[in-house]
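Just so you know, these numbers come straight off a predicted model, no measurement behind them.
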Amino acid sequence: MITNLQQAYVIHSRPYKETSLIVTFLTENKGKITAVAKGAKRKKSRFSGNLEPFQCLTIDYRGKSDLKSLVIAEPCEVFEDFSGSENLYSAFYINELINYLIAQADESIEIFNTYKKCISNLKKDNSVEIILREFELSILTILGYEINFFSDYDGNEPIISNLRYKYLPQSGFVKSEKGYDGKILNEINERKFSKDSLRACKEINRTTINYYFEELNIKSRIFFK
């Protein structure tokens, strides 16, 4: 019998009929998949308590259509809670970002490992803004929308501190009288974040995501306005 046994995380779930759930997973080997967990809402279900977000699971499923049938969902490690509410809300934002940005069955072990590392860091590290900005930058790069913080668009010359640069998502950074200080862009490029470069990176990442994925409606952002 063909098996799809692999690690996965619950990204989203919704009720299905009276006792079941439709669950979207980010999987280690098959990207994002959606499966029916039959009877999952019953108290004595084999899935009971296992289909919570941010828990690393071992899952298996059957089916050739886009909607699979979940067979196994068991924790593959001891669950570790988040160190604070901001960390938890940030993890929900990450789930929404993954759910909207990643296409169904878009296979990428790199995306899975990046997500797993991000959730692990959010559980034990309070540097929430740094974790989020690094995750956004990594996902954009993996998906082919890498932001060039090293050189300007017009002359392909290194970005220089104390010069100003305007950001154009379709092109990159161009010299301008107004815009971001090159010092801040260099800090982002080197991942040596200050308060100012974190704020700038958040703006630039959001501009990029909105430009390429304008239909997104990420609800978790309400916590970070």
Tell me whether the count of non-hydrogen atoms from other residues, nucleotides or ligands lying under 6.0 Å of CZ in Arg164 goes above 12.
yes
Without swapping roles, check the side chain of Ser127 against the backbone of Ile130 for a donor-acceptor pair under 3.5 Å.
no
For Thr141 and Tyr145: C-alpha separation, side-chain torsions, deciding distance, then whether side-chain contact (heavy atoms from CB on, under 4.5 Å) applies.
CA-CA 5 Å; Thr141 297; Tyr145 304 104; over 6 Å; no
Cut-off 3.5 Å, side chains only: do Tyr115 and Asn95 have a donor facing an acceptor?
yes
Got a second to check how far Ile204's CD1 is from Leu185's CG, nearest 0.5 Å?
5.5 Å
Which value, rounded to the nearest 0.5 Å, describes the distance between Thr27 atom OG1 and Asp60 atom CG?
11.5 Å
Do the non-hydrogen side-chain atoms of Arg42 and Ser48 ever get within less than 4.5 Å of each other?
no
Counting only heavy atoms not in Lys183 (residues, nucleotides, ligands), do more than 12 fall under 6.0 Å from its NZ?
no
Any non-hydrogen side-chain atom of Ser85 less than 4.5 Å from a side-chain atom of Tyr89?
yes
Provide the closest heavy-atom pair for Ser171 versus Tyr153 in the form atom of the first, atom of the second, distance.
O-CD1, 3.5 Å
For residues Pro75 and Asn50, determine if any side-chain heavy atom of one lies less than 4.5 Å from a side-chain heavy atom of the other.
yes
Would you call the rings of Phe173 and Tyr167 parallel, tilted or perpendicular, where under 30° means parallel and over 60° means perpendicular?
tilted
Decide yes or no for Val174 and Tyr165: does some side-chain heavy atom of the first lie under 4.5 Å from some side-chain heavy atom of the second?
no
Donor-acceptor pair between Ser194 and Ser197 side chains, under 3.5 angstrom:
yes
Tyr212 side chain to Pro169 main-chain N or O, any donor-acceptor pair under 3.5 Å?
yes
Please assess Glu136 against Tyr93 for the test side chain to side chain donor-acceptor pair (under 3.5 Å), listing each intermediate value before the final yes or no.
CA-CA 11 Å; Glu136 290 167 345; Tyr93 163 69; 2.5 Å; yes
hydrophobic_cluster_shared for Phe135 and Leu143, side chain cutoff 4.5 Å
yes
Do Asp125 and Asn87 have side chains that approach each other closer than 4.5 Å (heavy atoms only, starting at C-beta)?
no
Minimum heavy-atom distance Glu52-Gly49, with the two atoms named:
CG-O, 4.0 Å
Within the 4.5 Å heavy-atom criterion, are Asn121 and Lys124 side-chain neighbours or not?
yes
Take atom CD of Glu110 as the centre, draw a 6.0 Å sphere, and report whether it contains more than 12 heavy atoms from other residues, nucleotides or ligands.
no
Tightest non-hydrogen contact, residues Arg133 and Leu198, listed as CG-CD2, 3.7 Å
Quick one: which residue pairs count as a salt bridge (charged side-chain N to carboxylate O under 4.0 Å, His left out) with a foot in residues 12-28, not counting sequence neighbours?
none
Side-chain heavy atoms under 4.5 angstrom apart, residues restricted to Ile, Leu, Val, Met, Phe, Trp, Tyr: same cluster for Ile102 and Tyr211?
yes
Is the count of non-hydrogen atoms from other residues, nucleotides or ligands lying under 6.0 Å from Lys123 atom NZ greater than 12?
yes
Has Ser45 got a side-chain atom pairing as donor or acceptor with Lys41's backbone, closer than 3.5 angstrom?
no
Heavy-atom closest pair, residues Lys30 and Asn4
CE-OD1, 4.4 Å
Just by distance, do the side chain of Gln55 and the backbone of Glu77 share a donor-acceptor pair under 3.5 Å?
yes
Looking only at the side chains, is there a donor atom on one of Ser161 and Asp181 sitting less than 3.5 Å from an acceptor on the other?
no
At what distance, to the nearest 0.5 angstrom, does CD of Glu187 lie from CG of Asp196?
7.5 Å
Any side-chain heavy atom of Glu129 sitting closer than 4.5 Å to one from Lys202?
yes
Take Thr24 and Asn99 through the test side chain to side chain donor-acceptor pair (under 3.5 Å) and record every step on the way to the result.
CA-CA 8 Å; Thr24 299; Asn99 198 31; 4.6 Å; no
Phe79 to Pro53 - nearest heavy-atom pair and separation:
CE1-O, 4.3 Å
Residues 137-157 vs salt bridge (charged side-chain N to carboxylate O under 4.0 Å, His left out), sequence neighbours excluded, gives Glu157-Lys175
What is the distance from atom OG of Ser13 to atom CG of Leu51, rounded to the nearest 0.5 Å?
7.5 Å
Report the C-alpha distance between Phe149 and Glu190 in whole Å, list the side-chain angles of each, state the deciding distance to 0.1 Å, and finish with yes or no for side-chain contact (heavy atoms from CB on, under 4.5 Å).
CA-CA 9 Å; Phe149 291 96; Glu190 296 170 4; over 6 Å; no
Parallel, tilted or perpendicular, as decided by the 30° and 60° cut-offs, for the rings of Phe54 and Phe82
perpendicular
Value for OH (Tyr61) from OG (Ser69), rounded to nearest 0.5 Å, stands at 12.0 Å
State the CD1-CZ distance between Ile59 and Phe47, to the nearest 0.5 angstrom.
10.0 Å
Is there a path of hydrophobic side-chain contacts, each under 4.5 Å between heavy atoms of I/L/V/M/F/W/Y residues, joining Val71 to Phe25?
no
Connected via hydrophobic side-chain network under 4.5 Å: Phe213 and Leu137:
yes
Quick one: do Leu26 and Ile33 satisfy side-chain contact (heavy atoms from CB on, under 4.5 Å)? Show the steps, please.
CA-CA 7 Å; Leu26 180 66; Ile33 67 105; over 6 Å; no
Pair Ser90-Ile131, side-chain contact (heavy atoms from CB on, under 4.5 Å): steps then yes or no:
CA-CA 9 Å; Ser90 297; Ile131 295 169; over 6 Å; no
May I ask you to test the Leu57-Cys76 pair for a side-chain heavy-atom distance under 4.5 Å?
no
Heavy-atom closest pair, residues Ile159 and Ser151:
CG1-C, 3.8 Å
Indicate, with yes or no, if Ile72 and Val23 share a hydrophobic cluster defined by side-chain heavy-atom contacts under 4.5 Å among Ile, Leu, Val, Met, Phe, Trp and Tyr.
no
Under the 4.5 Å side-chain heavy-atom rule for ILVMFWY, direct or indirect, which residues accompany Leu67?
Tyr16, Ile22, Val36
Would one find more than 12 heavy atoms of other residues, nucleotides or ligands at under 6.0 Å from atom NZ of Lys38?
no
